[in-house]
There are 2 protein chains.
Amino acid sequence: MARVVVDVVLKPEILDPQGQAIVGALTRLGITGINDVRQGKHFELEVDDELDDSTVTRLADTLLANPVIENFAIRRDPA
Amino acid sequence: MARVVVDVVLKPEILDPQGQAIVGALTRLGITGINDVRQGKHFELEVDDELDDSTVTRLADTLLANPVIENFAIRRDPA
């Protein structure tokens, strides 16, 4: 059993109102030094060892991310 | 300017209906070999270089994650 992590983030040209709301809240919390926040989705998959990367890519492209507005990154988690 | 990534996931003992919905959809897509999915949140922060880790931890603990039901991991992104 292996763990695969898929991170989905909005493309840089897409407005991220959730991230902007967090930046606004930082000021009220008195936290400085953070200039931008982008929010995305994080998926942890428990997969069979023999599962190949192309299947994970197909899954991310069809189910986890909307490729019109989002990019995704896949990594094998050693943990 | 440095990039810090915060990943927030539900604690293992907390039920994750979103992840279960994805597992259910996998069968309909004909994808096999994926046994479990947990969904969380992914934040990419653009921070000043001199920002220390304790500030990011405080931010994650008060604003990004609900520590009652969620764990978070912080990493410096070299990209």
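- Annotation: residues 4-24 of chain A contacts chain B through A/D7, A/V9, A/I22 [non-hydrogen atoms, separation under 4.5 Å].
- Taking 4.5 Å as the heavy-atom cut-off, the residues of residues 27-34 of chain A that approach chain B are A/L29, A/G30, A/I31, A/T32, A/G33, A/I34, ordered by number.
- At a heavy-atom cut-off of under 4.5 Å, chain B is reached by A/D36, A/V37, A/R38, A/Q39, A/G40, A/K41, A/H42, A/F43 from residues 36-43 of chain A, listed in order of number.
- Contact tally against chain A (heavy-atom pairs below 4.5 Å) for B/L45, B/L51, B/N35: the top residue is B/N35.
- When the heavy atoms of residues 64-73 of chain A are compared with those of chain B, the residues falling under 4.5 Å are A/L64, listed by number.
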